[in-house]
Amino acid sequence: MTDVASVRPAQVDLGRAVERYQQQTPRSRAHFAHAAERLAGGTTRTTVFFEPYPPVMVRGEGCWTEDLDGNRRIDFLANYTSLILGHAHPEVNCAVTEQVGRGSAFAAPTPHELRLAELISTRVPSVERLRFTNSGTEATLFALRLARAFTRRDKVLIFEGGYHGTHDYAAAAASAGIPSAVRGTVLSAPYNDLEAVARVVREAGDDLAAIIVEPYLGQAGIPVRPEFLHGLRELTRGNGSLLILDEVISLRLAPGGAQQHYDVVPDLTTMGKIIGGGYPVAAFGGRADVMALLDPRGSGPAIPHGGTFNGNPVGAVAGITTLELLTPAVYARLNRLGDELRARLGALFDRLGVAVQVTGLGSLFNVHFSREPIFDYASSRAGANATSRAAMLALLNEGVMLAPRGLGCITTPMDTPELAALEQALERVLTSAA
Ligand code: PMP
């Protein structure tokens, strides 16, 4: 990597990017103005909003999307990393269509939920028992509740910049409307800083129920330091609290998720995104003795867990088809493409001498508009600046979609030409040719 001192800050003209975007997307603009009269803020998902307005999508196929104005873009966001096979995969479509003809949901168990559970627990052996939910939010909510019930303790540790969904505990640091009693149970520490965690754990002592951690800090594109993750395992074991790995994003790193990659065995795991094959399926699971708190047999469960669409067969068959297609060779290929992309982009930023870098692991990557070392949420903030937002908009104009904060992923329909297309689009954006 080029010496930090010899690079110049990247410059991307925001005004020009906005103007070109508005010229390309008049129908999305009109749609958004109309939508704002019905949907709060014009959308139903804060995470897909950005200024001046997001493109309105009408179609997705493989790694391509098409918006209301007919703009086609390569989709490196893939519904925030969930569409690992790309959009509208023919085999997933076929499985879903067949299941829709047989019924979409029943107030009873189905064979499909068991098949999907077996596929997951065979790959992720720490998941001895599991339960399905419709979102990662519910999965982390229940994992935390289980940990509190099992340990009979109240406090949980959530890392700075960690994203675990939108429930009160997950949003305690970032949202209005959280009761102070809840806030008081949520402890915080910087990611990848084991000494800071050890201090918090020591102070919390017998009050700490769990540490929940992403093995890849999704909001900042930071892989966990292996010694940090192993240190968390030891600290929780020593303190009698549970280690919850939030693998909602990181499960795509290996058949057995990041826990296989890093060789760490958590007490509980939360999953989502790829296990639903593009549909709203998520899960939490882990140690049989902890999950026994959900068992309704006998005197009834300590923790009731309902959910009208939990394990619904449409999402389950999409997940089954997807996981069956995800052989070890497919994960290896995606990870190789991720390595290739990071090498290409790193070389590009060096060649241009700009203060931009790419982080990531396996098929996950993140572009940051700084050259400072990035290892926790605070250090990632310098690279998530106005230039990065302008660049992501300019990239949309160039036919490539990433998250506004620079997050992206590789999907199976992609190959070297798509990586080259992203590299070339970034080069045009960074040399003001866009
Ligand atoms: N945990 C992690 C690590 C996530 O990345 C997300 C969503 N991006 C969630 C939990 C919440 O999942 P959902 O959006 O399905 O509620």
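What you see is a predicted model, and the numbers here were worked out from it, not measured in a lab. Just so you know, ligand 1 is whichever comes first in the structure, and atom 1 is the first atom listed for that ligand.
- Within 6.0 Å of CZ on R38 lie no more than 12 heavy atoms contributed by other residues, nucleotides or ligands.
- Taking the ring centroids of F49 and F32, they lie under the 6.0 Å cut-off.
- Aromatic pair Y331/H261: centroids not less than 6.0 angstrom apart.
- Taking a cut-off of under 4.0 Å to the non-hydrogen atoms of E214, the atoms of ligand 1 that pass are 3 (C).
- Counting heavy-atom neighbours within 6.0 Å of R123 CZ, excluding the residue itself, gives a total above 12.
- With ligand atoms numbered from 1 in the order given, ligand 1 contributes 1 (N), 2 (C), 3 (C), 10 (C) to contacts under 4.0 Å with heavy atoms of D246.
- Residue contacts with ligand 1: Y163 is included, with a non-hydrogen atom under 4.0 Å away.
- Scanning all protein heavy atoms for the shortest distance to atom 8 (N) of ligand 1 gives K273 NZ, 2.8 Å.
- Between E340 and R344, at least one side-chain N (NZ, or NE/NH1/NH2) sits under 4.0 Å from a carboxylate O, which counts as a salt bridge.
- The closest approach between any non-hydrogen atom of E247 and ligand 1 is not below 4.0 Å.
- Using cut-offs of 30° and 60° on the angle between ring planes, the pair F76 and F365 is perpendicular.
- For ligand 1, the atoms sitting less than 4.0 Å from at least one non-hydrogen atom of I249 are 5 (O), numbered in the order shown with element in parentheses.
- Of the options D75, T65, N93, a side-chain hydrogen bond (donor to acceptor under 3.5 Å, both in side chains) to H87 is made by D75 and by none of the others.
- Near G165, meaning under 4.0 Å from one of its heavy atoms, ligand 1 places the atoms 9 (C), 10 (C), 11 (C).
- Ligand 1 places these atoms under 4.0 Å from at least one heavy atom of S135: 15 (O), 16 (O).
- The T137 neighbourhood of ligand 1 comprises atoms 11 (C), 12 (O), 13 (P), 16 (O), with distances under 4.0 Å to a heavy atom of that residue.
- Closer than 4.0 Å to atom 16 (O) of ligand 1 lies at least one heavy atom of the protein.
- Aromatic rings of Y163 and Y80 (six-membered ring for Trp) have centroids beyond the 6.0 Å cut-off, not under it.
- Short contacts between ligand 1 and G136, defined as distances under 4.0 Å to a heavy atom of the residue, involve ligand atoms 11 (C), 12 (O), 13 (P), 15 (O), 16 (O).
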